[in-house]
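Here the structure is a predicted model, which is why all the values come from computation and not from measurement. Note on naming: letters A, B, ... go to the chains in the order of the sequence lines (proteins, then strands), and numbering restarts at 1 for each one.
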There are 2 protein chains.
Amino acid sequence: MRMPTTPNHLDQTLLALADPTRRAILQRLSAGETRVTELAQPFAMSLNAVSKHIRVLERAKLVHRRREGREHLLSFTPKPMDDVARWMDAQRANWSARLQALDDLLQEEDRAAASAPADKKGRTR
Amino acid sequence: MRMPTTPNHLDQTLLALADPTRRAILQRLSAGETRVTELAQPFAMSLNAVSKHIRVLERAKLVHRRREGREHLLSFTPKPMDDVARWMDAQRANWSARLQALDDLLQEEDRAAASAPADKKGRTR
DNA sequence: GCATCGTTCAACCTCTGGGTTGAATATCAA
DNA sequence: TTGATATTCAACCCAGAGGTTGAACGATGC
């Protein structure tokens, strides 16, 4: 039925980043403000296609557009990437916490086994 | 013409992460190995849909599957996320390096202006 | 005014993503 | 064997992504 679930910030940021053209654009922009045409120049695709990519990046708030006469100057905005970084850090913290807990548990068992050496079914490790 | 450009690792990882269901799956998995059905249980969608999400995560090598009888046990694999983190760090380093350079330049100009106070056209800031 | 430049809008195409349902496959339990 | 359980495969639907081309539109420069 395809509910109209509004995609959240992480969705849009990650989606925007999941394309090599758009990552290249960001890379270029992190070196400084750039016009649309200039930005499109190195790519083997129409200007229109690049324009669309830029809109995706804007939607994700990864780039900001400043109009100056007929030129549109794009610049990189790092904040959404910070949010992604935070999510990933939390995720990895979770993960390593669990590994640590597992490790603690194993050491606990080892100690228990050592103090009761009659136990036959030893864990292989 | 739709060239068959094979998507690289970053593409697949970021694409896999750009969906709330899949992020939730990873979150669950970072707490430990889980069966497919158990994993699907909290979601308001068919088991099949979740199965597809899992395949996307596998393609991105974010989860690993271990068969045990008829059960498939999924576990989280953090490496691809490390790669993403590295890319983002590089990106942000780039960005702040440029800001720093800009800042240095401005201070340089300020010093020049101070040592030649006759200059009329002062930068407004 | 008029041509040109920088950019987007609109329409279209094809491929993929996320979802469905129904059937197939493999394992377990009796 | 037979039936239940865990999971995928296959076919389909619809919306959206990524690309194209052609036209429109607002600044700029004679």
ask   = What are the residues of residues 42-49 of chain B, sorted by number, that bring a heavy atom to within less than 4.0 Å of DNA chain C?
value =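 Listed by number, they are Met45(B), Ser46(B), Asn48(B), Ala49(B).
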Under a 4.0 Å heavy-atom cutoff, the residues of residues 12-30 of chain B touching DNA chain C are Asp19(B), Arg22(B)
Checking dG17(C), dT8(C), dA29(C) against the side chain of Val36(A) (C-beta onward), the nearest is dT8(C)
TODO: When you get a sec, tell me which of dA29(C), dG19(C), dA17(D) is the closest nucleotide to the side chain of Arg70(B)?
DONE: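 The listed nucleotide nearest to Arg70(B)'s side chain is dA29(C).
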With a 4.0 Å cutoff (strictly under), does any side-chain N or O of [X] reach OP1 or OP2 of [N]?
X        : N       : answer
His72(A) : dG6(C)  : no
Arg35(B) : dA6(D)  : yes
Arg59(B) : dG17(C) : yes

Between the CG atom in Leu14(A) and the OG1 atom in Thr13(B), the distance rounded to the nearest 0.5 Å is 10.5 Å
Here the gap from Asp11(B) atom CG to Arg23(A) atom CZ, rounded to the nearest 0.5 Å, amounts to 4.5 Å
Distance check needed: [N] [atom2] versus [X] [atom1], whole Å only.
X        : N       : atom1 : atom2 : result
Leu39(B) : dA6(D)  : CG    : P     : 14 Å
Ile54(B) : dA6(D)  : CD1   : P     : 14 Å
Glu68(B) : dC28(C) : CD    : P     : 9 Å

- Item | Residue pair Arg67(A) / His72(A), side-chain donor-acceptor N/O under 3.5 Å |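 Per modelled atom types, Arg67(A) and His72(A) side chains form no pair under 3.5 Å.
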Is there a donor in the side chain of Arg28(B) and an acceptor in the side chain of Thr34(B), or the other way round, less than 3.5 Å apart?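 Yes, side-chain donor-acceptor contact under 3.5 Å.
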Checklist entry - Where do Asp89(A) and Arg92(A) land on the salt bridge (charged side-chain N to carboxylate O under 4.0 Å, His left out) test, with the steps shown first? => result CA-CA 5 Å; Asp89(A) 283 351; Arg92(A) 293 193 289 172; 3.5 Å; yes
Check: Which sits closer to the 5' end of DNA chain C, Lys52(A) or Leu73(A), going by the nucleotide each is nearest to?
Finding: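 This one resolves to Leu73(A).
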